[in-house]
Amino acid sequence: MSFASRVKIVEVGPRDGLQNEPETIATKDKVAFVNLLSEAGLPHIEVTSFVSPRWIPQLADGSEVFEFITKRTDTEYSALVPNTYGLERALDAGVKRIAIFTAASETFNQHNINASIDESLERFVPVMDRAKAEGVWVRGYVSTSFGCPYDGDVPAENVIRVARALDALGVDEVSLGDTHGAAVPSQIPEVIGGVLEHLPVSKIAVHFHDTHGRALANVYSALQLGIQIVDTSAGGLGGCPYAPGASGNLATEDLVVMLNRMNIETGVDLKKLMKASRYMEQILGRRLPSRHLLADACGISKIR
Ligand code: HMG
Ligand code: MG
């Protein structure tokens, strides 16, 4: 077992979290949220997406959000892009880091991006060509890496095939998504270990949703394999509109608290992070599901 001494947290709350909120959130509130997150020291923030506003109306203001956020030099800002049209919109908004996304199961991919897995990989060829010509950094997501809300079990070889295909397309990082929180820690060695036979550990991120409360256990299992990049959302915001019943990502606070106790560095200021989550709680008018936020609100948390 060899844990990394530092873990990079990729904060996906403004995109994965807010894409699933039923109410419209004002652009200025999204901008303020991203700024609070960067002030908290999150090294990478997935700010928004440039997908069809008919599919995801909540993020239709991606260009404005990207334009108005404060761009700190020590923070990486990215956006989700499904096709060349989305990439052009992102480039116009000044985006320098994008994430393309496909899945390891056919039915989810069809629901999510209206394409088979192979069609989506073909769609990414011109996206990658243009992105690389513009010097844009690219992440590739493999959704349903640990199970599919429609197809059920997903064989590890499907995940490995898609991860390798994204790698062959030239992505800089691959994030393995547990889209509806199906993963269990005992699966991690087979799926992530299998991908690690083909890609270096420095290129692999993990992205667990916390539907069944297992996300932190799954991260721990991934850390045991040397994983150094973990996706989370502040407060545990979110879900996926095409994975019915899925809840938000692992809460950033809950990961930071665990890593702090394990003496693994993140560079994140927990108090400032909680300020960002509390801000979103005010905007949404409800408590967010992070265990640490809840423990803190009850006055029972002395853990930092
Ligand atoms: P489609 O309907 O097959 O596409 O959608 P189309 O090319 O036929 O275009 C249809 C309309 O959308 C046209 O407009 C296009 O111009 C427009 P119309 O002529 O009808 O007025 N359009 C766009 N508009 C703005 N920006 C664009 C764009 N592209 C087309 N980029 C498409 C295909 C991929 C576009 C659609 O299915 C889509 O946008 N899907 C996005 C779904 C999504 O965002 N899902 C959530 C993110 S994924 C996720 O959460 C999982 C993740 O977190 C990891 C995990 O947890 O596993 C990443
Ligand atoms: Mg997700």
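Both counts, for ligands and for their atoms, begin at 1 and track the order of listing.
- In terms of polar-atom proximity, Thr179 is counted as a contact of ligand 1, with an N or O under 3.5 Å from an N or O of the ligand.
- A distance-only check finds no donor-acceptor pair linking the side chain of Thr75 to the backbone of His44 [under 3.5 Å].
- When the Mg ion (ligand 2) is compared with the N/O/S atoms of His207, atom NE2 turns out nearest.
- For a threshold of 3.5 Å applied to N or O pairs, the pair formed by Phe50 and ligand 1 contains at least one separation below that value.
- For the side chain to side chain donor-acceptor pair (under 3.5 Å) with Thr102, the qualifying choice from Asn112, Asp118, Asn109 is Asn109, the only one to do so.
- Using a 4.0 Å cut-off to heavy atoms of Asn114, the atoms of ligand 1 that qualify are 1 (P), 3 (O).
- Only side-chain heavy atoms of Arg15 come within less than 4.0 Å of ligand 1; its backbone N, CA, C and O stay farther off.
- In summary, of the residues considered (Lys96, Lys8, Lys71), a side chain to side chain donor-acceptor pair (under 3.5 Å) with Glu76 occurs for Lys8 alone.
- For ligand 1, the atoms lying closer than 4.0 Å to a non-hydrogen atom of Pro82 are 31 (N), 34 (C).
- Between Asn83 and ligand 1, at least one N/O pair is under 3.5 Å apart.
- Residue-ligand proximity, Pro53 to ligand 1, at heavy-atom distances under 4.0 Å covers atoms 24 (N), 25 (C).
- Close approach of ligand 1 to Asp16 is summarised as follows: ligand atoms under 4.0 Å from at least one heavy atom of the residue are 50 (O), 53 (O).
- The heavy atom nearest to atom 54 (C) of ligand 1, out of those in Gly177, Gly86, Ser143, is found in Ser143.
- Of the charged side-chain nitrogens involved, at least one lies within less than 4.0 Å of a carboxylate oxygen, so that Arg130 and Glu134 count as a salt-bridged pair.
- Backbone and side-chain nitrogen or oxygen atoms of Asn112 are examined, and one is located within less than 3.5 angstrom of a nitrogen or oxygen of ligand 1.
- Under 4.0 Å from ligand 1, not a single heavy atom of Asn249 appears.
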Test log, rule side-chain contact (heavy atoms from CB on, under 4.5 Å), inputs Leu293 and Glu281: CA-CA 10 Å; Leu293 272 186; Glu281 285 187 330; 3.8 Å; yes
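- Nearest to the Mg ion (ligand 2), among the N, O or S atoms that Asp16 has, is OD2.
- Contacts between Leu80 and ligand 1, counted as non-hydrogen atom pairs separated by less than 4.0 Å, involve the side chain only.
- A donor atom on one side chain and an acceptor atom on the other are not found under 3.5 Å apart for Glu106 and Ser116.
- Within the 4.0 Å heavy-atom criterion, the part of Arg123 lying near ligand 1 is the side chain and not the backbone.
- The distance from ligand 1 to the heavy atoms of His209 drops below 4.0 Å at these ligand atoms: 56 (O).
- Side-chain atoms of Asn249 and His207 include a donor-acceptor pair closer than 3.5 Å.
- Counting heavy atoms under 4.0 Å from ligand 1, residue Val51 touches it through both backbone and side chain.
- Trp55 and His111 have their aromatic ring centers separated by at least 6.0 angstrom.
- Side-chain N/O atoms of Ser233 and Asp16 include no donor and acceptor closer than 3.5 Å.
- Both the backbone and the side chain of Ser52 come within 4.0 Å of ligand 1, counting heavy atoms alone.
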Val136 vs Leu91, side-chain contact (heavy atoms from CB on, under 4.5 Å): CA-CA, chis, key distance, verdict: CA-CA 9 Å; Val136 169; Leu91 289 172; 3.7 Å; yes
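- A cation-pi arrangement is not found for Arg15 relative to Phe66, the charged atom failing to lie both closer than 6.0 Å to the ring centre and inside a 45° cone about the ring normal.
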